[in-house]
Amino acid sequence: MAAGHLYVTRDLGPEPMELLRNSGWKLVVHPDRDLPPARAALLDGVRGAAGIITLLTEAMDAELFDCAGPKLQVVSAVSVGTDNIDIEAASRRGITVTNTPDVLTDATADLAMGLLLALNRRIVEADAFLRRGEAWSWGPRLFLGRDLAEEVLGIVGYGRIGEALAKRARAFGMRVVAAGSGSAQNGGVERMPLDQLLATADVLSLHAPLTEQTRHLLGAQQIASMKPDAVIINTARGPLIDENALVEALKAKRIRGAGLDVFEHEPKIHPDLLELDNVVVTPHIGSAGEQTRTRMALLAVKNALAVLNGQDPAHPVNGHQKHCFA
Ligand code: DGY
């Protein structure tokens, strides 16, 4: 049986692509640099593949694994989140799934801090105000925001990124509390149950992975239990928040604002979010530092090649499993 090819769902940039080209594996790369392959093209591209390097925009599910067939040994995600991959279905077929933790921690925490600053100091609103050309003069009440050093940051999901955000927020003088599981050291961060955190935080930032347990972690009831002048930051996964409930709360000013890098039905965005002054939105760019993205892609390529060459990958998600059909 021929070895099979490596299917890559997007051009990953010069350095990672060169590593792939020099790997000796036959490559099939989805030709569009900006948009993911349509499902039919994806199923076609993976047919007979030994490995797939995927972005978070492609669903890697049982149908796709069956379509790829028995040569498939590895699905390597260019992301830390693997909620687009059916891990159980992969494990049942002996397919190793890998991801890219650590290398994007600082970049993602930077963006969360940026959204926090933008909301608390109303930077985007103030920028839009000036661009409208409205008359203005310095005034004691012009664009009053919130003083960071007097605010409590509540982190939900205290892993690597939550910990990196805590470090940044503490440097700004914020008190930091955290809820939920996570591997991070406490480092001066007070742990508390989620319901207590919701009632305590002035800024709530989500850093939990998306699972069936965390889907709609923030719904109408949880949002209602927050302080009326609290803001929500989400740089993790959109479905952690019930977006309809969030929109209702923002419109009714039951919370002060939201900074969203991710959306429940990405890439679609609830249209009302785009109409609200108290919302800052970015298009899922948490890890979009130039160096970070290269590190992520290189790590994903190395993870894939390790499995294909019979070695242990640096970051297996489901353990390194020998391919049962090999
Ligand atoms: C991830 O890695 O899961 C991010 O959402 C994209 O960098």
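Counting starts at 1 for both ligands and their atoms, following the listed order.
- Nearest to atom 2 (O) of ligand 1 among the protein's heavy atoms is Val80 N, 2.7 Å.
- Met192 and Met226 end up in the same hydrophobic cluster when Ile, Leu, Val, Met, Phe, Trp and Tyr side chains are linked at under 4.5 Å.
- Ligand 1 has no nitrogen or oxygen under 3.5 angstrom from a nitrogen or oxygen of Arg293.
- For the pair Arg215 and Glu212, the salt-bridge criterion is met [side-chain N within less than 4.0 Å of a carboxylate O].
- Each of Val75, Asn318, Ile95 was scored for a side-chain contact (heavy atoms from CB on, under 4.5 Å) with Ile87, with one residue passing: Asn318.
- Ile53 CD1 to Asn303 CG: the interatomic distance, rounded to the nearest 0.5 Å, is 9.0 Å.
- Inclusion of Leu56 in the set of residues having an N or O under 3.5 Å from an N or O of ligand 1 is not warranted.
- The shortest N or O to N or O distance between Ser287 and ligand 1 is below 3.5 Å.
- Those atoms of ligand 1 with a heavy atom of Ser79 less than 4.0 angstrom away are 1 (C), 2 (O), 3 (O).
- Leu218 and Ile233 are assigned to two separate hydrophobic clusters, defined by single-linkage of ILVMFWY side chains at heavy-atom distances under 4.5 Å.
- Taking a cut-off of under 4.0 Å to the non-hydrogen atoms of His284, the atoms of ligand 1 that pass are 4 (C), 5 (O), 6 (C).
- Here Leu104 has side-chain heavy atoms under 4.0 Å from ligand 1, and that is the only part of it that gets that close.
- A salt bridge between Arg39 and Asp61 is present, with a side-chain N of the basic residue lying under 4.0 Å from a carboxylate O of the acidic one.
- Given atom 3 (O) of ligand 1, the protein heavy atom at minimum distance is Arg237 NH2, 2.7 Å.
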